[in-house]
Structures are given as structure tokens and as C-alpha cells.
Amino acid sequence: MMHSISKWLKSSVKSFLECFIATPEDTFALEKFCAQHNGKCGVAACVTALKISPIKVRQSLRWLQYLEKCKDNSRTPIARALPGGKVYFKTIFYAPLELPFIKMNLAESLHYVDKFIVVEGNRTHVGEPREYIFENYISSIPDDLRHKILYIKADIANETIDCTGSNDGCQMHNNENILWDSFEKYVDLQDNDIVISADADEVIYRKVYPLILNLLRPERPLILPLHQFFYRMNYLWKNETFWAPTATYAGYYNHRPHPHKWRYDGKKFPIMAGCHFSWQLTIEQMLFKLKTYAHNDIYGHLADRIVLQDAVDKKKYPFDPDRPFVIDELSPDNDQIYYPESFFTFRSDFDHLLPVKGHEA
């Protein structure tokens, strides 16, 4: 009985607070509205157009003003929250198709990180052996970005377990956690170092780095909200926000037991922080991913060319058919506000994942 009352109270308080606290989605809607009106957007006009409360509009405006203030005051080339510490961006490399996203994250983070850590393991999430191949592709990364890279060949052979026979989903996730944490053995992380951790296809906007470094506190990470794209670089999953990348002081995890993951943890960041370009793959690449990634036990049965092609063509979500999956087809040229600045530098890398110019929605 007491548990039910406690649960009800928590739910009621949450609903009450949601009426007064602006979400990242609210703030982005306001940012977009202001951009469409050349910055001339009074509170009343925003309330009417966006159908959110005056309190939320004012909060969103304050966050956007604070964002600009942090950008103006950030120290370049490196902006630190605590003196003496280093700032790292950490990501995982798995396949060549991730290189365009890695280039984007390198460009976005360039002036705010000391090193851009690229971790490559010698085992798949399923636990099968794989070769280190990232070195074969480093030369394709522009010189002005490449110098930031700290490439780690993570030997996880003795820690992971091969699940190809057992199809043990729990162990596959353990293998994934081992890879996420593996960089700790190769980098001398000090408690006052900062690590911003994201998977390769999770691109963080350069404009939010100063705000991340200003808001971050040693006692708690920040979890970053991203726009969710799916299948194609202009397919925005409507009303879906992806929460996973994490910014944290290394000391937060240095004194905690494994697995750390460096993901899915922390206080919610108040502004949309980037884009998750999920499943931006050809059908062949989708088939490969379904056979090797950590959710193979759940979704491996979808490794069927016809099923996948039908899902892309008809904008279906076969991973959970009952889940609302509504796609807004963006025009990158008209909807630039959604995209990282670097997307337009490396846009040609994604030609096969974009509509032919002149035929955008």
C-alpha cells in the first residue's frame, strides 16, 4: 500500500514539475522558431506559436542566452571546467562506415578537447575475433583533424566470451561493456579529467561544448539528448529523443566498480546536444550489424534482406512494430538547424543516404 502511494506521489510530482520545467525539446522548438523569425520572437508570440507555457518559454530563452554567453566566454583552443585537467572525447570504432561520423565529431569537438580517443577492440560484441583495421583508414581523415586522435587497440580477448554458439544476450552486453570501459587501461585518467563519451554515430554539436563544460560537476555526469534520425540522414524520428552520450569527470567513475559504461548516466542536459544518426546503413551493412552487435539475440532474426528493404522503403520499425514510428523527411538545406555544422563539410560522404538534390521533401 505504502509503495503504491509513494509511486503515485512521485508520478504526481513529476507531472506537476513537467508543467513548469522546459525540456530540451521545448528549448529547441523555441530556438528553431526564433531562427525562422530572425531572432525577433517575444514571449507572447512563442507561447501562441509553440503552445508551451510562458514559464517554459522564459526558461528556454534563458538557456539559449546562457548558451551564447558560454560560447563567448569559452577559452580556446581548450576550454576546461577545472584547471589542470584534460578534456577527452571517447568513441568506439567498429566498421569503416563509421568514419564519416567520426570525422564530424572530430570537427565539432576540435577546439574543446585535448585528445579524441578512438577505441577499437579485437572482439565483436558477440565475442568473435576481429582484426584491428582503423589504421588502414586514418589517412582518409583530414590532417587538421587527425592530429587530435589517440588511437587505442584494446585487447579484450581474455575478458570477453564468444557467444556465437550460446546466443547469450546477457554476455553479449557484458562484452559490449568491456569494450566501452577498455580505454581506462590505456589512458592515465585523473579525477579532474573530463570524458565526453559517445558512440560513433552520435554527433555532438560544437556549440554545446562550452555549456557542457560550464554545467558539468565532479559529483554527477551529464546525459546528453540527441535528435533521433533513422535509416537516412534526413529521416527524423518525430517526437523521439535519444538519451545516451555522457559527459563526466573521470573521478566519478574512477572510484566506482565496473562496468562503468560511460553512457546512460547523469543529470539531463537542458538543450538538444546533437544527432543520433542511427542505422544509416546500406542493406548489406544492416545484415552485417545484425549478426555482430550486442542485440543479436533479440533482433538477429531480422537479418533478412527483404524485411530490411521493406522497412526502409515503407519507413517501418521492425524492431518493435507496436512502437510509434513517424518519420519527418527533412531537407538538409532548409532544415540546417537540426544538423551539426560539420555535416555540410562532409555531406558528400552521405550522398547514398540522402535524397537527390532537387527531390527533397
Side-chain angles (χ1 to χ4, degrees), residues 23-25 28-29 32 92 94-101 104 124-126 163 167 169-170 172-173 176 198-203 224-245 263-264 272-340 343 347 349-361:
T23 66
E25 296 85 353
F28 178 77
K32 183 180 176 183
I92 305 294
Y94 206 69
L97 57 93
E98 295 168 332
L99 285 164
F101 302 108
M104 279 202 287
T124 68
H125 296 330
V126 178
C163 306
N167 203 35
C170 184
M172 291 179 201
H173 285 288
E176 186 177 37
D199 275 0
D201 59 1
E202 300 161 6
V203 182
L224 310 178
L226 308 182
H227 296 291
Q228 178 70 68
F229 288 76
F230 218 85
Y231 294 141
R232 296 293 177 259
M233 296 293 287
N234 66 317
Y235 281 15
L236 178 70
W237 188 342
K238 192 174 181 179
N239 299 323
E240 183 72 19
T241 299
F242 180 77
W243 296 85
R263 287 174 69 73
Y264 307 117
M272 297 302 293
C275 302
H276 181 208
F277 295 108
S278 187
W279 287 83
Q280 304 292 320
L281 310 169
T282 64
I283 300 302
E284 289 295 333
Q285 291 165 345
M286 289 183 186
L287 290 168
F288 172 78
K289 178 171 180 173
L290 283 165
K291 293 173 182 176
T292 60
Y293 84 141
H295 302 285
N296 171 269
D297 61 315
I298 304 173
Y299 303 123
H301 68 283
L302 296 174
D304 180 294
R305 187 180 304 276
I306 295 174
V307 169
L308 295 173
Q309 190 66 62
D310 183 65
V312 175
D313 292 344
K314 297 180 181 178
K315 303 182 182 69
K316 295 180 180 178
Y317 190 68
F319 307 95
D320 184 357
D322 295 327
R323 187 173 177 183
F325 186 64
V326 179
I327 294 294
D328 274 351
E329 289 194 47
L330 302 184
S331 166
D333 293 316
N334 297 329
D335 297 303
Q336 293 187 22
I337 194 168
Y338 287 92
Y339 291 89
F343 166 77
R347 180 173 178 164
D349 290 342
F350 304 104
D351 280 348
H352 63 296
L353 297 168
L354 285 166
V356 177
K357 280 198 173 185
H359 295 276
E360 292 98 335

So, using side-chain contact (heavy atoms from CB on, under 4.5 Å) as the criterion, who are the partners of Asp351 when residues are at least two apart?
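Asp351: side-chain contact (heavy atoms from CB on, under 4.5 Å) contacts with Ser348.
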Throw together a table of side-chain donor-acceptor distances under 3.5 angstrom for residues 237-244, partners on residues two or more places apart or in other chains.
from, atom 1, to, atom 2, distance (Å)
Trp237, NE1, Pro324, O, 3.2
Glu240, OE2, Arg323, NH2, 2.4
Thr241, OG1, Glu25, OE2, 2.5

Excluding sequence neighbours, so at least two apart, what forms salt bridge (charged side-chain N to carboxylate O under 4.0 Å, His left out) with [X]?
X	answer
Lys316	Asp310
Arg232	none
Asp328	none

Phe229 side, atom CZ; Ile327 side, atom CD1 - distance, nearest 0.5 Å:
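These two atoms lie 9.5 Å from each other.
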Which distance, rounded to the nearest 0.5 Å, do you find between the CG of Asn167 and the CE of Met172?
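Between Asn167 CG and Met172 CE, I get 4.0 Å after rounding to 0.5 Å.
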Of Phe325, Trp279, Tyr231, which is the lone residue that meets ring-ring contact (aromatic ring centres under 6.0 Å, His included) with Phe319?
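Testing Phe319 for a ring-ring contact (aromatic ring centres under 6.0 Å, His included) against Phe325, Trp279, Tyr231 leaves exactly one candidate, Trp279.
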Got [X] and [Y] here, is their nearest side-chain heavy-atom distance under 4.5 Å?
X	Y	answer
Met272	Lys32	no
His276	Asp199	no
Phe343	Val203	no
His125	His173	no

The criterion is side chain to side chain donor-acceptor pair (under 3.5 Å); which residues satisfy it with Gln280, sequence neighbours excluded?
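Partners of Gln280 by the side chain to side chain donor-acceptor pair (under 3.5 Å) criterion come out as none, since no residue qualifies.
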Give me the ring orientation class for Phe277 and Tyr339: parallel if the planes are under 30° apart, tilted from 30 to 60°, perpendicular past 60°.
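Geometry flag for Tyr339 against Phe277: parallel rings.
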Looking at Ile306, is its backbone amide N or carbonyl O close enough to the side chain of Gln309 to form a donor-acceptor pair, meaning the two atoms are under 3.5 Å apart?
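Side chain of Gln309 to backbone of Ile306: no pair is present.
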Taking Asp304 for the side chain and Val307 for the main chain, is one N or O donor matched with an acceptor at less than 3.5 Å?
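Answer holds: yes.
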